[in-house]
> 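I have a structure I would like to understand better, so I am pasting it below and will then ask my questions one at a time.
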Amino acid sequence: GAGVSQSPSNKVTEKGKDVELRCDPISGHTALYWYRQSLGQGLEFLIYFQGNSAPDKSGLPSDRFSAERTGGSVSTLTIQRTQQEDSAVYLCASSLVGGGYEQYFGPGTRLTVT
Amino acid sequence: SQQGEEDPQALSIQEGENATMNCSYKTSINNLQWYRQNSGRGLVHLILIRSNEREKHSGRLRVTLDTSKKSSSLLITASRAADTASYFCATDGGANSKLTFGKGITLSVRP
């Protein structure tokens, strides 16, 4: 079946603009994760959704970052008033359930803030 | 913050040789996973080993876990040029199964 998909694959934006990144998880997977990967910080957890439970937002670096998951499927990560330090690859992953199972990653969105 | 620390940071071997990569972590885990990444994009899941397991095999991959030493190793046997990639260990602490990644090991397999 189809894997995790993300769009856009690349995004260049000006500092101060808002961006939206999209993730389509594997059908039937109830858990969805966002991570980001940057040269300075490596791979960092951002946010976790599990079914209808309240998301775990403990990894979001600032209140400029927010995420939604509509209908238990597609997720959107929004970054408001982007800064240069937001430049990174944003990775989405899904898992059958949240709890000790392998996570399947999408190809990522490379965000460049100029 | 990084939980896993891989060792070495970079490894270069000849095709056909075995590659051994090590990972150490700091806190208790539910499981430990190894991932591969090509060209800085999506990660590919390789193998998951649970905290009550000591060794696991998958094809040319062998993973060991020593929870008393908080360490794991990934062995790739009979390496191929296509194994050239970055390899990450990631620990799952169990609370919400968020993965905490190490900084990665760059493996180069020379043909």
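Letters A, B, ... are given to chains in the order of the sequence lines, protein chains preceding strands, and every chain is numbered from 1.
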> Which residues in residues 59-78 of chain B have a heavy atom less than 4.5 Å from any heavy atom of chain A?
none
> Tell me whether the NZ or CZ atom of Arg50(B) lies within the 45° cone about the ring axis of Tyr101(A) and under 6.0 Å from its centre.
yes
> Taking the six-membered ring for Trp, is the centroid-to-centroid distance between Phe105(A) and Tyr35(B) below 6.0 Å?
yes
> Whether Asp86(A) and Arg64(A) form a salt bridge (side-chain N of Lys/Arg under 4.0 Å from carboxylate O of Asp/Glu) is what I want to check.
yes
> Would you please say whether a donor-acceptor pair under 3.5 Å links the side chains of Arg110(B) and Gln14(B)?
yes
> Kindly determine whether Arg69(A) and Tyr48(A) satisfy side chain to side chain contact (heavy atoms under 4.5 Å, CB included), including the steps that lead there.
CA-CA 10 Å; Arg69(A) 189 179 184 192; Tyr48(A) 160 65; over 6 Å; no
> Side chain, backbone, both or neither: which part of Leu43(B) has an atom under 4.5 Å from a heavy atom of chain A?
both
> Examine the side chains of Thr30(A) and Gln50(A) and answer whether a donor and an acceptor come within less than 3.5 Å of each other.
yes
> Could you check whether Tyr90(A) and Tyr35(A) have their ring centres less than 6.0 Å apart?
no
> Given a strict heavy-atom distance threshold of 4.5 Å, which part of Ser53(A) is in contact with chain B: side chain, backbone, both, or neither?
neither
